[in-house]
Amino acid sequence: MSKFSEDVLTIVKQIPSGKVVSYGQVALLAGHPRAARQVGCILHFHGEEVPWWRVINNAGRISTKCIEHNADLQREFLREEEVEVGEDLSVDIAFYRWYFPETGS
DNA sequence: CGAATGACCAAGC
DNA sequence: GGCTTGGCCATTC
């Protein structure tokens with residue numbers, strides 16, 4: 001577990017229910033604006049201690065390009081938090097996007 | 001240290 | 001708006 005990983009997890013934990021963020025934003029807060037890939041790689045590795053399901057790509061969709069991560073489960077979690085998810089795992093990111101108070105972006 | 005990998009991002013079609 | 005190409009970066013071998 002590197003410092004980068006801990007920082008990413010700490011940031012993700014701050015995401016409120018019913019909101020979602022992109023990997024790029026988390027990477028930015030972690031101090032590595034271009035390391036969005038590592039963020040996703042780290043998230044699929046732990047359990048419910050961190051709301052990883054609230055983290056999606058900048059296109060507003062749940063990526064399924066890698067190993068069989070529970071994309072279907074993630075959709076269930078989001079809908080439980082009043083976040084509408086399309087059949088193709090698409091989310092209205094423009095409306096549900098959460099902006100971290102620290103950056104104010 | 002060099003090469004390969006991955007839940008990405010931005011630009012081009 | 002969706003698919004394809006190239007590029008970034010940290011971690012692992």
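To find a chain, count down the sequence lines: A is the first, B the second, and so on, and within it residues start at 1.
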Problem set entry | Between dA10(B) (C1') and R34(A) (CZ): distance, integer Å | 10 Å
For this session: Could you tell me the separation between the CD1 atom of I62(A) and the C1' atom of dG2(C), rounded to a whole number of Å?
Result: 17 Å
Seminar exercise, completed: Picking from dA10(C), dC9(B), dG7(C), the nucleotide nearest the side-chain atoms of R37(A) would be dG7(C)
Exercise. Does the side chain of Q14(A) come under 3.5 Å of the side chain of W98(A) through a donor N or O and an acceptor N or O?
Worked result: no
Exercise. Between dC9(B), dC9(C), dT11(C), which one does the side chain of Y23(A) approach most closely?
Worked result: dC9(B)
Exercise. Can any side-chain N or O of E82(A) pair as donor or acceptor with the backbone N or O of G18(A) at less than 3.5 Å?
Worked result: no
Seminar exercise, completed: Ranking dC9(C), dC3(C), dC9(B) by distance to the side chain of S22(A), first place goes to dC9(B)
For this session: Using only side-chain N and O atoms of H32(A), determine if any of them is under 4.0 Å from OP1 or OP2 of dC9(C).
Result: no
Exercise. Does NZ belonging to K3(A) count more than 12 external heavy atoms closer than 6.0 Å?
Worked result: no
Exercise. Can you check the N58(A) CG to dG7(C) C1' distance for me, whole Å?
Worked result: 16 Å
Exercise. dA10(C) P sits how many Å from I42(A) CD1, rounded?
Worked result: 11 Å
For this session: Taking atom CD of E49(A) as the centre, report whether more than 12 heavy atoms of other residues, nucleotides or ligands fall under 6.0 Å from it.
Result: yes
Exercise. Atom CG of N57(A) to atom P of dA10(B): distance rounded to whole Å?
Worked result: 11 Å
Problem set entry | Closest listed nucleotide, where the reference is the side chain of A35(A) and the choices are dC9(B), dC9(C), dT11(C) | dC9(C)
Problem set entry | Separation of dT11(C) C1' from E6(A) CD (nearest whole Å) | 15 Å
Exercise. Is a salt bridge present between E80(A) and R75(A), judged by a nitrogen-to-oxygen distance below 4.0 Å?
Worked result: no
Exercise. Once you round it to whole Å, what is the distance between P of dA10(C) and CE of M1(A)?
Worked result: 17 Å
Problem set entry | Side chain of S2(A) (C-beta onward), nearest among dC9(B), dA10(C), dT11(C) | dT11(C)
Seminar exercise, completed: Picking from dC3(C), dC9(B), dC8(C), the nucleotide nearest the side-chain atoms of A36(A) would be dC9(B)
Problem set entry | For atom CZ of F4(A) and atom P of dT12(C), their distance in whole Å | 12 Å
